[in-house]
Each structure stands twice: as structure tokens, then as C-alpha cells.
Protein chains: 2
Amino acid sequence: MFIFYTFVKKNMFNSPACKNCQFKSAAAKFLNEDELGNLENNCAEIELKKGDMIFKQGILSSNIVYLKKGIVKFYIEGLYKEQIIKIAKGPIYLGIPTTFDEKYNRYSATAIAKSNACFIDIDTFKEFVQNNGNFAYEIIVELCRNEINLFHKYINRTQKNIRGRVSDALIFFSEIIYESDSYKLPLTRNEFGNYIDTTRESISRILTEFNKEGIINLEGKKIEILNKKQLKMISKNG
Amino acid sequence: MFIFYTFVKKNMFNSPACKNCQFKSAAAKFLNEDELGNLENNCAEIELKKGDMIFKQGILSSNIVYLKKGIVKFYIEGLYKEQIIKIAKGPIYLGIPTTFDEKYNRYSATAIAKSNACFIDIDTFKEFVQNNGNFAYEIIVELCRNEINLFHKYINRTQKNIRGRVSDALIFFSEIIYESDSYKLPLTRNEFGNYIDTTRESISRILTEFNKEGIINLEGKKIEILNKKQLKMISKNG
DNA sequence: AATATTTTGTGATATAAAACACAATTTTTG
DNA sequence: CAAAAATTGTGTTTTATATCACAAAATATT
């Protein structure tokens with residue numbers, strides 16, 4: 001596994017063309033010509049393969065990462081085992097919480113699909129926050145949304161049984177991540193279990209059940225949702 | 001129960017003296033004379049009794065609340081039951097996530113001890129974010145810390161057994177909330193159970209166990225921690 | 001102070017999901 | 001391409017914790 005130790009300084013890599021970037025974040029849309037120039041000079045774009053680590057818990061944090069496109073998992077080394085706490089797709093900023101006020105990363109992030117990421121020097125990013133109110137505003141909006149989503153995810157995890165949680169995850173991949181009823185799971189059964197706080201065995205069993213019940217079409221990691229209405233019922237009532 | 005429907009407009013109440021406030025937030029310390037004057041005119045201070053609601057899920061959100069002192073619980077109406085998602089003490093901003101980008105509150109907050117809260121008009125707050133980089137910066141720092149704490153709390157909830165979670169909660173109240181080894185729990189057994197995802201019966205049982213084992217001294221809601229080392233052991237190993 | 005209501009403690013029972021075990025399949029590697 | 005490693009499916013057993021039941025205690029209400 002390739003680990004990208006995230007130290008990016010002025011012109012360390014070829015600068016991307018931030019000014020004409022097709023994937024500008026809501027915040028970056030408020031940057032003026034000068035600021036975008038500054039960003040270009042303090043930012044490096046990287047292509048990530050599935051499995052590439054983006055930042056690692058415990059390591060000195062020095063960049064904010066803007067994931068232009070792709071899918072990532074966030075995870076924490078817990079007491080006994082690693083735990084996936086979030087799966088997200090670009091465009092999105094990664095690691096603002098773990099970089100902004102922390103010396104060392106408090107969690108890790110790894111690409112779980114081919115992705116494009118821009119590593120932005122933290123001081124440059126902070127400059128924008130300090131000097132561009134609209135930029136700061138949009139960053140706050142994104143952080144607020146994250147917190148609310150996390151609250152609701154937390155409730156779901158504790159108030160639903162496994163069938164409900166598996167349903168939720170299948171719908172999440174369908175509606176949020178892939179925007180399609182059929183997709184290839186980016187996780188092993190083990191990781192899937194970890195993600196929704198259960199075991200690989202339970203995941204296997206539930207997916208087989210859903211397959212037999214005609215709710216999904218299952219073929220290894222390939223999932224096709226046949227009866228989304230039913231899946232949403234199960235999400236609510238277990 | 002008193003519900004304070006949070007609409008605060010210019011001079012609706014007697015203005016507090018923000019300029020000389022002893023409890024200024026890290027962010028507010030960066031406000032200049034003019035801005036503090038503006039804050040005074042768009043802010044109302046309220047004394048809250050135990051049980052007073054601060055804002056309510058589903059209701060139009062129009063204020064950021066700054067809890068100068070006191071203790072609050074945040075909770076969400078889940079699928080089947082209400083769930084406490086967080087307990088915090090002042091000084092702290094409440095409801096930035098639920099107010100900043102949301103029309104309606106996505107969760108509720110209630111005082112669980114005598115508290116003092118300032119209801120700040122959301123537009124005034126947003127003005128500060130837009131025009132004062134240092135203010136925005138500090139708000140971002142607070143939001144980032146919240147997210148990381150939430151991640152770690154989430155891990156604890158899923159990787160620990162009930163004894164471990166009860167230990168965690170007892171330590172949390174001791175070290176974070178009351179800063180003392182003896183305190184009066186601000187929750188019923190039922191709420192305590194809800195807070196750490198278990199039942200009132202389990203809470204009763206575990207507290208009785210801890211009492212018998214000489215780890216705590218238990219008398220109704222009064223808790224005295226006798227052996228914190230042991231409690232921390234249990235927090236780790238169940 | 002007396003009554004009603006809520007909260008709490010604790011034993012007995014039920015149950016969902018974890019853990020275990022092992023074979024089958026798929027993927028990775030040399 | 002063959003061997004090794006990792007992943008997956010499924011039956012059986014175990015276990016932690018929820019649920020149920022009911023009395024005792026504490027708190028709130030009149």
C-alpha cells in the first residue's frame with residue numbers, strides 16, 4: 001500500500017490550474033484571482049488508486065485535502081480494532097477537523113476507489129479563512145452539515161437492527177455514492193460489517209436473505225437493488 | 001416545562017454588557033468595540049432553570065446560543081424514541097450546526113442544570129463570520145473539535161461493553177463536567193441509559209456493582225469516585 | 001401530610017447477534 | 001499457471017444485554 005506522507009510546499013509538484021478548475025468547492029468559488037493564484041502555488045494534485053492512504057492517524061498533519069472526485073473511507077484505530085467511521089465521495093474537503101487545530105491526525109483516510117486529490121498547504125488554507133469571509137462561511141457550512149449528518153448516523157446505528165442498518169448502507173451507496181441502483185461494493189464483507197458495527201458473518205447472512213427475498217440481486221460485490229421501497233421499509237422497521 | 005421560542009431581534013430584551021463579559025468565547029475575544037456594540041444590540045441573555053428547553057427540533061431556527069455557564073443535553077427524536085447525543089457545559093456555542101445552514105432545528109437542546117445563555121441573532125453572528133477572519137477561525141476550531149470528539153465517542157460506544165461505557169460516563173462527568181470526584185448526576189437512570197445506549201435496568205445493575213466493588217460510593221444520584229484508576233481500567237477492558 | 005406519580009432495584013426469562021468452526025470460493029502472488 | 005493468502009457462506013453454540021415483572025423508594029402534587 002502506497003502511503004502519501006503529506007508535506008506539500010511551494011512548487012513541490014506541478015501546480016494544478018485552480019483558476020479553471022471544474023471541481024471548485026463552494027468555498028473556492030469565492031476566491032479572487034490573486035487568491036486562486038496563491039492556491040495554485042501551494043497545492044499539489046495527486047491521482048490516487050484504490051487503497052492509497054491519504055493521511056494517517058498519529059502522523060503530523062500539514063495539509064487540507066480537497067478530494068475533487070473519488071471515494072474515501074475515514075477510520076480510527078480504536079481500542080482493539082480499526083473502525084470505519086465515515087465513507088464519502090468527492091467533491092469534498094478531507095481532514096479539516098484533523099488538520100486545522102491538531103498537530104497530529106486524529107484519524108486516517110484512504111481512497112477506496114480511483115480518486116483525484118489536491119493537497120493544500122494548511123497555512124494557505126488558513127489565510128483564506130482569515131481574509132475571505134465568504135470562504136470561511138462556506139467552510140463552516142460544510143462542517144455544520146458534517147456534524148448533523150454524524151448525529152443522525154449515530155442515531156441510526158443505535159436504534160436499528162442489523163437488517164435495518166444493512167438496508168441503510170445499501171441505500172446510501174445507491175443514492176449518495178454511486179447514484180445508481182446497481183453498483184460494485186467498494187468494501188469487503190469484513191469492512192462492510194465494520195462500517196455498520198457488525199460482523200462479516202452477519203453481513204453475509206443478511207445479503208443472502210435480501211437476495212432470496214428478491215430485494216436485491218447479489219453477485220459477489222455486485223449489488224443491484226430490485227425493490228428499493230421494501231429496502232426503505234426494512235430500514236425503518238428492521 | 002418552559003419553552004423559549006427563540007426569536008430575538010434588536011433590543012427585544014435588555015442588552016447584556018458584552019463588552020465587559022467575563023465569559024467571552026475565544027471567537028468573541030477577537031471582536032472590536034464596534035462589533036461588540038453590535039452584538040449587545042442583537043443579543044439577549046436568559047437565565048435557564050433545569051429542564052428549560054433552549055431550542056427544539058423541527059422549530060424554525062433563528063439564533064445561535066452562547067451558553068455562558070451551565071450544562072445542557074442535546075437530543076434527537078429518533079425513529080422510536082428520543083436519544084441524547086451529547087452533554088456539554090458552558091462556555092460553549094450551542095446550535096451552530098442546527099442554525100447556520102438549516103431552516104429548522106435538526107436537534108433539540110435542554111438545560112440540565114441552572115444555566116446562563118445568550119441568544120444571538122443569526123444574521124449578526126453571520127456578519128461576524130463574514131467580516132472578522134479571526135472570529136471565523138475560532139468558530140471553525142470549535143466545530144472541528146466537536147467533530148473529532150464525536151468520532152471518538154462513536155468508537156467508544158461501539159467497541160466497549162456496558163461496564164466500560166458506564167465507566168466512561170462517570171469519568172466524563174467527573175473530569176469534564178464537574179471537575180470533581182463527587183457530584184450529583186444530572187440524569188435519571190433512564191436518561192443515563194439512553195445517553196450510553198443501554199437500558200435503565202443495566203445502569204442500575206452496573207452502578208450497584210461498582211458500589212459493591214468499592215469503586216464508587218453511590219447514594220441515589222450522588223456519586224463519589226473512590227477508585228478512578230480502577231474505573232479507567234474498566235473503561236479500557238470492560 | 002396524604003396521595004399520586006415517577007424513578008429505581010433486582011430477579012427471571014428471552015433473544016439478537018457475536019463467536020466459533022470449517023469448507024468453498026475468489027483474489028493475489030511468485 | 002500453480003500455490004498461497006484472503007475472502008466468503010453457512011451451520012452450531014454461546015453470551016451479553018434487553019425485556020418483563022413487580023415491589024420499594026423517592027419525588028411531585030393537591
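Lettering of chains follows the sequences in order, A, B, ..., and the numbering in each one begins at 1. All values below come from the heavy atoms of this structure, side chains included, with hydrogens, waters and symmetry mates left out.
- A straight line from CG of A:N194 to P of C:dA18 spans 12 Å, rounded to a whole angstrom.
- In this structure, B:N227 contributes its side chain and B:G214 its backbone to no donor-acceptor pair below 3.5 Å.
- Side-chain contact between A:L207 and A:L170: present, with at least one pair of heavy atoms (C-beta onward) separated by less than 4.5 Å.
- In this structure, A:R163 atom CZ and C:dT15 atom P are separated by 17 Å, rounded to whole Å.
- When the P atom of C:dA16 is taken as reference, atom NZ of A:K160 falls 18 Å away, rounded to whole Å.
- Nucleic acid contact for A:N211: none, since no nucleic acid atom lies under 4.0 Å from a heavy atom of the residue.
- Between B:F173 and B:I223 there is no side-chain heavy-atom pair separated by less than 4.5 Å.
- Distance, A:E219 CD to D:dT7 C1': 17 Å, rounded to whole Å.
- Phosphate proximity of D:dT19 to B:T199: absent, as no side-chain N or O sits under 4.0 Å from OP1 or OP2.
- B:I196 places its CD1 atom 14 Å from the C1' atom of D:dA18, with the value rounded to the nearest Å.
- The C1' atoms of five pairs define one axis at each end of the helix from C:dA1-D:dT30 to C:dG30-D:dC1, and these two axes lie 60° apart (to 10°).
- Rounded to whole Å, the distance from CZ on A:F210 to C1' on D:dT10 is 17 Å.
- Remark: A:Y195 engages no residue in a ring pair (Phe, Tyr, Trp, His ring centres under 6.0 Å) (not counting sequence neighbours).
- For A:E209 and C:dA17, the CD to P distance is 10 Å, given to the nearest whole Å.
- Expressed to the nearest 0.5 Å, how far CD1 of B:I203 lies from CZ of B:F192 amounts to 4.5 Å.
- Counting only heavy atoms from C-beta outward, the side chains of A:I96 and B:L143 never approach each other to under 4.5 Å.
- Regarding A:Q159, its CD atom lies at a distance of 15 Å from the C1' atom of D:dA18, rounded to whole Å.
- Atom NZ of A:K24 sits in a crowded spot, with more than 12 heavy atoms from other residues, nucleotides or ligands closer than 6.0 Å.
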Quick one: which protein N/O atoms are closer than 3.5 Å to N/O atoms of nucleotides 7-14 of chain C? Pair and distance per line, please.
from   : atom 1 : to     : atom 2 : distance (Å)
C:dT8  : OP1    : B:K221 : NZ     : 2.9
C:dT8  : OP2    : B:R189 : N      : 2.6
C:dG9  : OP1    : B:R189 : NH2    : 3.4
C:dG9  : OP2    : B:R189 : NE     : 3.0
C:dG9  : OP2    : B:S204 : OG     : 2.4
C:dG9  : N7     : B:R200 : NH1    : 3.1
C:dG9  : O6     : B:R200 : NH1    : 3.4
C:dG9  : O6     : B:R200 : NH2    : 2.6
C:dT10 : OP2    : B:T208 : OG1    : 3.1
C:dG11 : N7     : B:R205 : NH1    : 3.0
C:dG11 : O6     : B:R205 : NH2    : 3.4

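- B:N116 contributes no side-chain N or O that, together with a main-chain N or O of B:E47, makes up a donor-acceptor pair within less than 3.5 Å.
- Considering only heavy atoms from C-beta on, A:T98 stays 4.5 Å or farther from A:Q57 through its side chain.
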